[in-house]
Amino acid sequence: MPPDGFSSKPDRVPLVSTLRLGSPPRWSRFVGILVILIAAAVATAPQLFRGNSCGHDFDIHLVSWFDCLNSWRHGIVYPQWTPSPNYGAGEPRFIFYPPFTWVLGAVLGFVLPWHVVPIVLTFVLLAATGLATRSLALEALSDAPATLAGCAALFSGYALFTAYERSAFGELAGFWIPLLLLLILRARNPSGSLWRRAFDGSAAPLAVVLAGAWLSNAPLGVMASYLLAAVALAMAVVQRSFAPVLRAAVAAAIGIGLTAFYLVPAAFEQRWVDIHQATDDPGLKIENSFLFGHPANPQLDLHNLELRRVSIITVIMVGVALAGLLIVLRRKTQGGDRRLWIPLSLIPLAVLALQLPISLPLWNLLPKLRFLQFPWRWLVVLEAPMAIFFAGAVWPREAAKRWQRIAVSSACAVVFLSSTAVAATYFFQPCDEEDAVAPMVNVYRSGAGFEGVYEYEPIGADNSMVAIGLPDACLVANPSIALGVVDTPGANPDWWVEQGSCEAVFNRKETAANPQHFQISTTLPHAGYLILRLRTYPAWRITVNGRAETPLGREDGLTVVRVSQGRAEIAADWTTTPDVKAGRWLSLLALFLLLALWSLERRIKLTSQAHLS
């Protein structure tokens, strides 16, 4: 029998052909799953004792969950406008931010207390990363080391850094990556025709996985797409077959088509917002985030501190991956085809290269690659290969005694607990008084709103000029009048009625509190301009007494309409723009093609089984 828990099965499945042992007992697979769930609970445990870690993106996610759930309560199944940002003036966040995490957070918020939701979501996403990595590892390792690989992935420095320091739940959904690798690497019909090898039951789920990556996080979608193309090409060379490329191309076309309901509006409507701020800010430029970089700009001091931490994580993860790979290849003395390791072994080298300034031409050349903002985001792609190489390297040989396995498991448990301690000590972000969940819930219920995201502001507008505490509508004679007073340098202005900037104030109808419908019915004392606490956006249809009006522009981006003395009915209704309709139709077409592909693969499978019998 081959050593080290590896197998020399012939070409049944690419990775299996080099590594896998006989099938483990069914009950042991459930034990492995349980171990990973326990591991995810341990990785999340510090937040159970210390409370939520209010990382960089914590507030943004929390507000999105609030607004999504509120939209559902008003019958809006797929909301597009987020009303709470910009202190109640809103922004089109739901158009540009992928829906997976804000939908999942809202679902959890419907059944759980809000302070529990971030902790549960962190547990779910870490557990999913571990389970997905284990599934990939089972194609290469026996059950015990595969379970160890799943634990290594969820305890990796980058996973804990993302969970604790950044609270970037969208990026924490990296479990799509090992599933993508699993579906593109395996080959159920290695000796079949081109069509049977390409469509062996993997193409349809591969399309779903790629769609899931895009709908979880846009940078993750970009990385998954490039990874799929690169691995497919590598496998085509290794197998000397066009089948992996054909599978990847069909899956990519259908997968991206499934996301068209999100991607088409997000791409088309970028012209309506300052989306360039997502890549033009000095702290978000690729050039300022290479490995151990240290931009001299004093405004980037916090950025440099974060970059140093993640650079250390990068070196550790790449080092573990390469060392593990070398040990595995050296320990394996017989059977199998080492060329099948090529796609996985190239990943740590490629990730490392992308962290270095020498890769800058690539960042500038490849479409949407600069949209990643930080080169170290590629570490999410490294988690699964690193974990598999690590587990394959440290797990004892099959002939080893039981105490040796216990010793390795115990040593790994100490390492994983130490990683959790590091995350709880150095990555954990204590909440400021106003950023904790309970105060955020109170502010939300008061209707005061929160700070907005700059890349979603209208063209030519400035989020920092939106006044806090504005009424729903303000009657003025001068549409350009400044609303509010800046009390603290760098802060948004504050408005209160005694300032006299509004000649009269009005509230929207409570019966029309729908997030995508704004209505005011009142009698105006004189003609003038009405400034609405509503950010301008082309999808809004503004009417005054039933007549469509084109809103005037302001530096704060609020909606301004001309009004006459007397009775006035002002309404703003969110409309379904043509790009949204086109995206939905494309997604529906892609869903039809997905079902057709699934049916085709099922027919091929049944035909192959009939032929073998």
Within the 4.5 Å heavy-atom criterion, are Pro538 and Thr577 side-chain neighbours or not? no
Heavy atoms from other residues, nucleotides or ligands near CG of Leu305 exceed 12 (cutoff 6.0 Å): yes
Return yes if a side-chain donor-acceptor contact under 3.5 Å exists between Ser84 and Asp67, otherwise no. yes
Nearest-0.5 Å distance that lies between atom OG1 in Thr122 and atom CG in Leu48: 10.0 Å
Euclidean distance, Arg377 CZ relative to Tyr158 OH, rounded to 0.5 Å: 6.5 Å
Any idea which heavy atoms bring Gly293 and Leu307 closest together, and the distance? O-CD2, 3.2 Å
Strictly distance-based, threshold 3.5 Å: is any side-chain N or O of Arg535 a donor or acceptor partner for the main-chain N or O of Asp556? yes
For the residue pair Trp540 / Thr559, report whether a side-chain donor-acceptor contact shorter than 3.5 Å exists. no
Report the relative orientation of the aromatic rings in Trp376 and Phe374; use parallel for angles under 30°, tilted for 30 to 60°, perpendicular for over 60°. parallel
Kindly indicate whether the side chain of Leu372, heavy atoms from C-beta on, has any atom under 4.5 Å from the side chain of Tyr226. no
Taking every heavy atom of Pro295 against every heavy atom of Asn304, the minimum-distance pair comes out as CD-OD1, 2.9 Å
With the threshold set at 4.0 Å, does a side-chain nitrogen-carboxylate oxygen contact exist between Glu549 and Arg562? no
So does Tyr426 have more than 12 non-hydrogen atoms from other groups sitting under 6.0 Å from OH? no
Return the orientation label for the Tyr164 and Phe428 ring planes: parallel under 30°, perpendicular over 60°, tilted otherwise. tilted
Side-chain touch Tyr529/Ile481, heavy atoms, less than 4.5 angstrom: no
Ignoring hydrogens and geometry, is there a side-chain-to-backbone donor-acceptor pair from Asn217 to Leu220 under 3.5 Å? yes
Between CG on residue Leu362 and CZ on residue Arg370, distance to nearest 0.5 Å: 12.0 Å
Indicate, with yes or no, if the rings of Tyr262 and Trp214 have centres closer together than 6.0 Å. no
Count the heavy atoms belonging to other residues, nucleotides or ligands that lie under 6.0 Å from CZ of Phe371, then report whether that count exceeds 12. no
Mark yes or no for whether Ser156, through its side chain, and Ala153, through its backbone, hold a donor-acceptor pair below 3.5 Å. yes
Quick check on Phe292: does its CZ atom have over 12 non-hydrogen neighbours (other residues, nucleotides or ligands) under 6.0 Å away? yes
Quick check: does any side chain N or O of Asp573 sit under 3.5 Å from a backbone N or O of Arg541, one acting as donor and the other as acceptor? no
What are the two closest heavy atoms between Asn288 and His303, and how far apart are they? O-CE1, 2.8 Å
Check whether any side-chain heavy atom of Phe96 lies under 4.5 Å from a side-chain heavy atom of Gln270, and answer yes or no. yes
With the side chain counted from C-beta on, respond yes when Thr129 and Val380 share a heavy-atom pair under 4.5 Å apart, and no when they do not. no
Is a donor on one side and an acceptor on the other found under 3.5 Å between the side chain of Arg166 and the backbone of Glu171? no
Intermediate values then yes/no, side-chain contact (heavy atoms from CB on, under 4.5 Å), Ile119 and Asn52: CA-CA 7 Å; Ile119 301 174; Asn52 303 115; 3.4 Å; yes
Please check this pair: side chain of Gln499 against backbone of Leu483, looking for a donor-acceptor N/O pair closer than 3.5 Å. no
Could you state the interatomic distance from CD (Glu457) to OG (Ser464), rounded to the nearest 0.5 Å? 8.0 Å
Does His517 reach the side chain of His74, with side-chain heavy atoms less than 4.5 Å apart? no
Any chance you could measure Phe261, atom CZ, to Tyr78, atom OH, to the nearest 0.5 Å? 5.0 Å
Is the closest side-chain heavy-atom distance between Phe161 and Glu306 below 4.5 Å? yes
Taking all non-hydrogen atoms of both residues into account, name the closest pair between Asn507 and Ile520 and its distance. O-CG1, 4.0 Å
Could you tell me whether Glu91 and Arg93 make a salt bridge, using a distance below 4.0 angstrom between a side-chain N and a carboxylate O? yes
Can you check whether Pro83 reaches Gln516 side chain to side chain, under 4.5 Å on heavy atoms? no
Shortest non-hydrogen pair, Ile542 vs Val561, comes out as CG2-CG1, 3.5 Å
Could you walk me through whether Asp274 and Glu455 satisfy the side-chain contact (heavy atoms from CB on, under 4.5 Å) test, starting with their C-alpha distance in whole Å, then the side-chain angles of each, then the deciding distance to 0.1 Å, before giving a yes or no? CA-CA 5 Å; Asp274 279 341; Glu455 57 258 39; 5.7 Å; no
What is the ring orientation for His61 with Phe169, classed by angle as parallel under 30°, tilted 30 to 60°, or perpendicular over 60°? perpendicular
For the pair Glu451 and Asp59, evaluate side-chain contact (heavy atoms from CB on, under 4.5 Å) and give the outcome as yes or no after the intermediate values. CA-CA 9 Å; Glu451 184 180 0; Asp59 290 0; over 6 Å; no
Side chain Glu555, main chain Ala461, donor-acceptor under 3.5 Å: no
Any side-chain to backbone donor/acceptor pair from Ser216 onto Gly170? Under 3.5 Å, distance only. no
Greater than 12 external heavy atoms within 6.0 Å of Arg445's CZ: no
Looking only at atom types and distance, does a side-chain atom of Asn463 sit under 3.5 Å from a main-chain N or O of Val453, one as donor and one as acceptor? yes
Can you tell me how far the CG atom of Leu263 sits from the CG atom of Leu258, to the nearest 0.5 Å? 10.5 Å
Here's a test for you: under ring-ring contact (aromatic ring centres under 6.0 Å, His included), which of Phe94, Phe66, Trp65, Tyr97 qualifies with Trp102? Phe94
Any side-chain donor near an acceptor of the partner, Gln429 and Ser53, under 3.5 Å: no
From CA spacing to verdict: side-chain contact (heavy atoms from CB on, under 4.5 Å), Glu287, Trp363: CA-CA 9 Å; Glu287 296 87 341; Trp363 288 98; over 6 Å; no
Any donor-acceptor pair under 3.5 Å from Ser167 side chain to Phe58 backbone: no
Closest approach of Ala43 to Phe155 (non-hydrogen atoms, all atoms of both residues): CB-CE2, 3.7 Å
